[in-house]
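Here is the structure we will look at.
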Amino acid sequence: MRLLQDTAHAKINLFLHVTGRRSDGYHLLDSLAVFAGVGDQVSMQAPAEEMSLAITGHFGKGLDCNADNLVLRAANLLKDATKSTGAWNFKLEKNLPVASGIGGGSADAACALRLLATEWKSDPSILYSVAEKLGADVPVCIAQKATRMQGIGEVLHTVPQLPDIGMLLINPGVGVSTPAIFKSFATLGGIRSRQEITFPEKWETASSLFSTLRETGNDLQAPAILHAPIIQDVLNAIALQQGCEISRMSGSGATCFGLFSTPAEAESAQQSLSAQAANLGWWTWAGPLHQSP
């Protein structure tokens, strides 16, 4: 038996601007995506008669293991694209909240692609071509490094190395519909004209990164709060924590994050909120960003 495994780190949108809309209805975005130190675990074992998937973990209950799951879709698409042979039994340990704005399913699919690409020695261009077919967040989750996402998620730009800041994540356990959020976004005024954010050659300090981010926002945050007012409660709770520099929602919600100058400050904030979070059933995590080489 051969076993390969990897971590599918949570993807966080430090800002998310809706910049336009294509003729096919897809929205154009501008976002700085980073990855947190927490994630799902994906492993695959061979030999197998066909691609299969088993799901465990705190958030695994109720998830389908059929061919429509993104992990198996990714595996089968890459197999077809590369004309590779062999099959694997995948196991997904679901540690991240589902449909929560932190790219869990996309990161899982990207993780499966990375593992298979290593085994099959697949060309990176094929890897990204397959990723684009699976969803807007999948391409950025391949490398799992801080990246500027544009277009519908397929246009990726390298960014300066991020300082070793700390992050607090909180998910209140409510689901929000991304199509519904975009519909409300349109009713609230929709796409607005703004000057494109420019990044420096280097963020020398955490403060310099926070200064850049204060010029940005998440265009979907206000629409999401209309659908789930508890998101505002989470944002307020994070913002009140000592050392919190920025409190914002990721993606289309409902996970929110707080940024701190150090991981230790983020972990202290998590501890301060632990009783409240436990009482309300909120999922929390705090620690450093995942910094890929």
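In this structure, Arg21 is not positioned above the aromatic face of Tyr26 in the sense of NZ or CZ being under 6.0 Å from the six-membered ring centre and within 45° of the axis.
Between the Gln276 side chain and the Leu273 main chain, no donor and acceptor come within less than 3.5 Å of each other. With Ser211 contributing its side chain and Ser207 its backbone, the two residues share no donor-acceptor pair below 3.5 Å. The backbone N or O of Asn171 lies less than 3.5 Å from no partner atom in the side chain of Thr255, so there is not a single donor-acceptor pair. Proximity of a side-chain donor or acceptor of Gln150 to a complementary backbone N or O of Leu28 within less than 3.5 Å is not detected. Using modelled atom types, one side-chain atom of Ser250 and one backbone atom of Gly101 make a donor-acceptor pair closer than 3.5 Å. A donor-acceptor pair under 3.5 Å is absent between the side-chain atoms of Asn279 and the main chain of Ala275, judged by distance alone. In this structure a side-chain-to-backbone donor-acceptor pair under 3.5 Å is missing from Arg214 to Leu209. Under the 3.5 Å distance criterion, the side-chain polar atoms of Ser268 are left unmatched by any main-chain donor or acceptor of Ala264. Judged by distance alone, the side chain of Ser247 and the main-chain N or O of Leu235 form a donor-acceptor pair under 3.5 Å. Judged by distance alone, with hydrogens and angles left aside, the side-chain atoms of Asn69 form no donor-acceptor pair with the main-chain N or O of Cys65 at under 3.5 Å.
Considering all non-hydrogen atoms of both residues, Ala87 and Ala46 come closest at O-CB, 4.0 Å. Listed here is the closest heavy atom pair of Pro160 and Pro200: CG-O, 3.1 Å. Nearest heavy-atom pair, Asp40 versus Gly104, reported as atom, atom and distance to 0.1 Å: OD2-O, 4.0 Å. Annotation for Leu113 and Ala74: closest pair CD2-O, 3.5 Å, computed over non-hydrogen atoms. In terms of heavy atoms, Ala33 sits closest to Val140 at CB-CG2, 4.1 Å. Smallest separation of non-hydrogen atoms from Leu127 and Ala117: CD1-CB, 3.7 Å.
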request  = Could you please spell out the steps behind the side chain to side chain contact (heavy atoms under 4.5 Å, CB included) verdict for Phe260 and Cys244?
outcome  = CA-CA 5 Å; Phe260 298 78; Cys244 181; 3.7 Å; yes

key: Intermediate values then yes/no, side chain to side chain contact (heavy atoms under 4.5 Å, CB included), Leu289 and Met167   = CA-CA 7 Å; Leu289 298 184; Met167 174 178 286; 3.6 Å; yes

query = Going through the checks in order, is the side chain to side chain contact (heavy atoms under 4.5 Å, CB included) test met by Asn95 and Trp285?
reply = CA-CA 11 Å; Asn95 303 317; Trp285 174 87; over 6 Å; no

query = Is there a side chain to side chain contact (heavy atoms under 4.5 Å, CB included) between Leu259 and Leu14 once you walk through the steps?
reply = CA-CA 9 Å; Leu259 298 183; Leu14 294 189; 4.2 Å; yes

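Between Arg194 and Arg192, the closest side-chain pair of non-hydrogen atoms falls below 4.5 Å. Side-chain contact check for Met51 versus Val71: every heavy-atom pair is 4.5 Å or farther apart. Ser274 is not listed as a side-chain neighbour of Thr284, based on a closest heavy-atom distance of 4.5 Å or more. Counting only heavy atoms from C-beta outward, the side chains of Tyr128 and Glu154 never approach each other to under 4.5 Å. Inter-residue side-chain proximity for Asn13 and Asn218 is flagged as unmet; no heavy-atom pair is nearer than 4.5 Å. Taking 4.5 Å as the limit, every side-chain heavy atom of Phe210 sits out of range of all side-chain heavy atoms of Thr205. In this structure, Phe35 and Ile12 have side chains that are not in contact, with every pair of non-hydrogen atoms separated by 4.5 Å or more. At least one side-chain heavy atom of Leu29 sits less than 4.5 Å from a side-chain heavy atom of Val18.
With rounding to the nearest 0.5 Å, the separation of SG in Cys111 from CG in Leu70 is 13.0 Å. Taking CG of Leu213 as the start and CZ of Arg248 as the end, the distance is 6.0 Å to the nearest 0.5 Å. Rounding to the nearest 0.5 Å places CD1 of Ile170 at 12.5 Å from CD1 of Ile231. Rounding to the nearest 0.5 angstrom, the gap separating the CZ atom in Phe90 from the CG atom in Leu4 is 9.0 Å. A distance of 12.0 Å separates NZ in Lys202 from CG in Leu162, rounded to the nearest 0.5 Å. From Arg148, atom CZ reaches atom CZ of Phe15 across 4.5 Å, with rounding to the nearest 0.5 Å.
By the criterion of side-chain heavy atoms lying less than 4.5 angstrom apart, applied directly or through intervening Ile, Leu, Val, Met, Phe, Trp or Tyr residues, Leu72 is grouped together with Trp120 in one hydrophobic cluster. No path of Ile, Leu, Val, Met, Phe, Trp and Tyr side chains, each step under 4.5 Å between heavy atoms, connects Leu156 with Ile152, placing them in separate hydrophobic clusters. Residue Leu3 is not grouped with residue Trp88 when hydrophobic side chains (ILVMFWY) are merged at heavy-atom distances under 4.5 angstrom, including chains of intermediate members. Residue Leu280 is not grouped with residue Ile225 when hydrophobic side chains (ILVMFWY) are merged at heavy-atom distances under 4.5 angstrom, including chains of intermediate members. Met249 and Met149 fall into different hydrophobic clusters, where Ile, Leu, Val, Met, Phe, Trp and Tyr are joined by side-chain heavy atoms under 4.5 Å apart, directly or via other members.
Between His27 and Phe182, the ring planes lie parallel to each other; the angle is under 30°, not in the 30° to 60° tilted range.
In this structure, a donor-acceptor pair under 3.5 Å is present between the side chains of Ser272 and Gln241. Using modelled atom types, one finds a donor on one side chain and an acceptor on the other under 3.5 Å when comparing His227 with Ser184. Side chains of Asn89 and Ser52: a donor-acceptor N/O pair is present below 3.5 angstrom, by distance only.
Lys11 pairs with exactly one of Asp137, Leu96, Thr147 by the side chain to side chain contact (heavy atoms under 4.5 Å, CB included) rule, that one being Asp137.
Counting heavy atoms of neighbouring residues, nucleotides and ligands inside a 6.0 Å radius, atom NZ of Lys91 does not exceed 12 of them. The 12-atom threshold is not exceeded at CG of Asp164, counting heavy atoms of other residues, nucleotides or ligands nearer than 6.0 Å. Lys145 NZ: 12 or fewer foreign heavy atoms inside a 6.0 Å radius.
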